[in-house]
Amino acid sequence: MSLQDDLLRRELSRIEPYNSGLTIDHVKQLYAPDRISKLGSNENPYGPSPQVGEVFRTPEKLINLYPDSSGTALRNVLAKQFGLSSEQVILGNGSEELLSVISRSFLRHEDRVITLYPSFPLHEDYAKLMGATVDKIAVTERLEIDVDALLDAVMKPARMLIFANPMNPLGAWLTPDELASVIDATHPNTLIVLDEAYFEYANGNNYASGLATLKTGPNPWIVLRTLSKAWGLAGLRIGFGLCSSEALKQAMDKTRTPFNVNAFAQAAALAALKDPAHMQTCVDKTLRERAKVQSALETKGYIVAPSNGNFLFFRTKGDSGLVSLELLKRGAIVKPWKQKPFDCFLRVSIGKPTENDHFLDALNATEKN
C-alpha cells in the first residue's frame with residue numbers, strides 16, 4: 001500500500017468520479033465540429049430572466065465584500081413563498097452542495113439509506129462517503145418507478161430516504177397519490193429528503209410537490225429545489241432546501257461553509273424569482289420540444305423512458321459510450337449513463353428547436369456509420 005493510499009479514506013474507493021460532462025470549449029478543441037449543441041447537463045437553453053442582467057450592471061457592489069452568509073433577503077422571499085419561517089430555509093451552492101451537507105450532517109457509518117435507481121449519482125456517493133449502506137430500488141422493465149418495492153423498503157427502519165421526483169436520469173415520477181402513499185408508509189424515524197430539482201417542468205402533469213404531504217406527517221424532512229434548471233442560473237450555482245424544523249436547518253448550518261453562496265448568486269436569484277412568467281415561458285417551450293424529440297426517437301425505434309423533466313433517457317442501438325462519441329464528433333453533447341445495467345442508455349437534454357434538430361440529425365448520421 002502506498003503512502004497516498006494509506007492517507008485516503010477507505011470510502012473513497014466506493015465512489016466513481018462524477019461525470020460533469022464536457023464543455024463547449026472542450027468539444028471544440030477535440031473535434032472542431034461546425035456547430036455545437038450542448039445537451040448534456042439539463043440546462044435551460046433560453047437563459048434567465050432579463051431582470052437578472054441588471055445585477056451585473058454595477059458588479060463592484062458585489063465583489064469586494066463578503067456576501068450575507070445567511071442569505072437573509074433570499075431566504076425571507078422563499079420562506080414567504082412556501083409558508084415556512086426563514087429559519088426553515090437553507091441556501092446552497094447549487095442543491096448539489098446541500099446533498100453533501102445533508103449526508104455530512106446526519107449519516108453515520110453503516111446507516112441504511114434508501115434511494116431509487118438509476119439515480120442522480122450524488123444521492124448515492126455522498127451517503128457512501130459517510131460509510132452508509134445504500135439500498136437501491138431499481139425501476140421496472142417499463143422504466144417506471146417500482147412503487148410496491150419502494151413501499152416495502154421504506155416501511156423498514158432507515159436513517160434516510162432520498163430520491164428525486166421526477167427522477168434523474170429517467171424523468172419518471174410518482175403521482176401525487178403514489179408519493180403520498182410512500183410518505184405515509186415511511187418509518188417515522190427516517191429522514192425524508194425529496195429532491196425536486198425538476199419541479200417546474202413536471203408541475204401539473206399528474207404530479208405535485210411532496211411539501212404539503214410532508215408537512216402533515218411525523219417524519220423529519222427536507223425538500224430540495226434549484227434555480228439551475230428552469231430558472232436558468234446554472235452558472236451561478238444556487239439551490240435551496242426547505243426543512244421540517246428550524247433545528248434541522250441550524251444543524252446543517254454547522255456543516256456548510258460560512259459563505260457558501262456568493263453575492264452574485266443571491267442577487268440573481270432574487271431578480272429571477274420576480275419574473276416567474278419568463279421561467280414559465282421557457283418551460284412551455286421545452287415541453288413542446290420534448291414531445292417532438294420523444295416522437296422522433298420512438299419513430300426511429302428507440303425505447304424512451306417516460307419523462308417529466310427537461311430531458312429524455314433512451315436505449316441506444318449500440319454501445320452508448322461509442323454512440324456518444326460519434327455524436328460529439330458531430331457537435332452534439334449528450335450524457336452516456338454509466339450506472340450498470342443502464343450503461344446502454346443516453347440522456348439528452350431538451351434544447352432550443354435548432355439544437356434538438358441538430359441532435360436528431362447527428363443521431364441519424366451516427367446510425368448510418
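The figures here come from the full heavy-atom set of this structure, side chains too, leaving out hydrogens, waters and symmetry mates.
In terms of the side chain to side chain donor-acceptor pair (under 3.5 Å) criterion, residue partners of N260 (sequence neighbours excluded) are, by chain and number, E97, R256. Shown here are the salt bridge (Lys or Arg N to Asp or Glu O under 4.0 Å) partners of D275, two or more places apart in sequence or in another chain: there are none. Residues passing the salt bridge (Lys or Arg N to Asp or Glu O under 4.0 Å) test with K274: none are found, sequence neighbours excluded.
A pairwise comparison of heavy atoms in S119 and E124 identifies OG-OE2, 2.9 Å as the closest pair. Considering every non-hydrogen atom in both N168 and A164, the closest pair reads N-CB, 4.2 Å. The shortest non-hydrogen separation linking F313 to F345 is CZ-CB, 3.3 Å.
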Step-by-step side-chain contact (heavy atoms from CB on, under 4.5 Å) determination, K156 to H187
CA-CA 6 Å; K156 303 164 188 173; H187 191 280; over 6 Å; no
If you apply the rule side-chain contact (heavy atoms from CB on, under 4.5 Å), what do you find for D111 with M160, and how did you get there?
CA-CA 8 Å; D111 276 341; M160 186 165 75; over 6 Å; no
Kindly determine whether I102 and L224 satisfy side-chain contact (heavy atoms from CB on, under 4.5 Å), including the steps that lead there.
CA-CA 11 Å; I102 290 167; L224 297 177; 4.2 Å; yes
Steps toward side-chain contact (heavy atoms from CB on, under 4.5 Å) verdict (L227, L236)
CA-CA 9 Å; L227 285 92; L236 289 174; over 6 Å; no
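Summarising the local packing, CG of D319 is surrounded by more than 12 heavy atoms from other residues, nucleotides or ligands at distances under 6.0 Å. The 12-atom threshold is exceeded at NZ of K215, counting heavy atoms of other residues, nucleotides or ligands nearer than 6.0 Å. R14 CZ: more than 12 foreign heavy atoms inside a 6.0 Å radius. Around CG of D34, the count of heavy atoms belonging to other residues, nucleotides or ligands within 6.0 Å does not exceed 12.
The list of ring pair (Phe, Tyr, Trp, His ring centres under 6.0 Å) pairs with a residue in residues 205-241, not counting sequence neighbours, reads F82-F240. Each side chain to side chain donor-acceptor pair (under 3.5 Å) pair with one or both residues in residues 63-77, not counting sequence neighbours, appears once here: D68-T72, R75-E87. The side chain to side chain donor-acceptor pair (under 3.5 Å) pairs that include a residue from residues 288-304 are E289-K292, E289-N356, K292-D357, Q294-E298, K300-N364, Y302-E367, where partners are two or more places apart or lie in different chains.
Side-chain atoms of R159 come within 3.5 Å of backbone N or O of F106 as a donor-acceptor pair. For the pair H278 (side chain) and G47 (backbone), a donor-acceptor distance under 3.5 Å is present. For the pair S13 (side chain) and R10 (backbone), a donor-acceptor distance under 3.5 Å is present. Of the possible donor and acceptor atoms, one in the side chain of W173 sits under 3.5 Å from a partner among the backbone N and O of N206. Formation of a donor-acceptor pair under 3.5 Å by the E355 side chain with backbone atoms of L39 is not found in this model. Between the R112 side chain and the P157 main chain, a donor and an acceptor come within less than 3.5 Å of each other. Counting only distance, with no hydrogens or angles, the side chain of T226 and the backbone of G94 share no donor-acceptor pair below 3.5 Å. Looking only at distances, no side-chain donor or acceptor of T186 sits under 3.5 Å from a matching main-chain atom of V154. With hydrogens and angles ignored, the 3.5 Å screen pairs a side-chain donor or acceptor of T190 with a backbone N or O of A158. Remark: side-chain polar atoms of T366 are paired, donor with acceptor, to backbone N or O of A362 under 3.5 angstrom.
The existence of a salt bridge linking K329 and E326 is confirmed by a sub-4.0 Å separation between a basic side-chain nitrogen and an acidic carboxylate oxygen. Classification of K38 and E43 as a salt-bridged pair holds, one side-chain N sitting under 4.0 Å from a carboxylate O.
From D195, atom CG reaches atom CE of M167 across 11.0 Å, with rounding to the nearest 0.5 Å. If you take NZ on K80 and OG on S86, they are separated by 13.0 Å, rounding to the nearest 0.5 Å. Note that the CG atom of L248 and the CG atom of D253 stand 10.5 Å from one another [nearest 0.5 Å]. Between atom CG of residue L273 and atom CG of residue L78 there is a gap of 6.0 Å, rounded to the nearest 0.5 Å. To the nearest 0.5 Å, atoms CZ (R330) and CD1 (I36) are separated by 14.5 Å.
A side-chain N or O of D284 and one of Q280 form a donor-acceptor pair less than 3.5 Å apart.
Judged by the 6.0 Å distance and 45° axis criteria, R225 is positioned over the aromatic ring of F199. Cation-pi geometry between K285 and Y46 is satisfied (NZ or CZ under 6.0 Å from the ring centre, within 45° of the ring normal).
With hydrophobic clusters built from ILVMFWY side chains whose heavy atoms lie under 4.5 angstrom apart, I333 shares a cluster with L325. F311 and L363 fall into different hydrophobic clusters, where Ile, Leu, Val, Met, Phe, Trp and Tyr side chains are chained together by heavy-atom contacts under 4.5 Å. Taken together through direct or relayed side-chain contacts under 4.5 Å among Ile, Leu, Val, Met, Phe, Trp and Tyr, V113 and L214 form parts of separate hydrophobic clusters.
Of the candidates S244, C243, P188, P220 forms a side chain to side chain contact (heavy atoms under 4.5 Å, CB included) with just one, namely S244. Considering S349, S307, P306 as possible partners of L312, the one that fulfils the side chain to side chain contact (heavy atoms under 4.5 Å, CB included) test is S307.
Between F120 and H123, the angle of the ring planes goes over 60°, which puts this pair in the perpendicular group of the 30/60° scheme.
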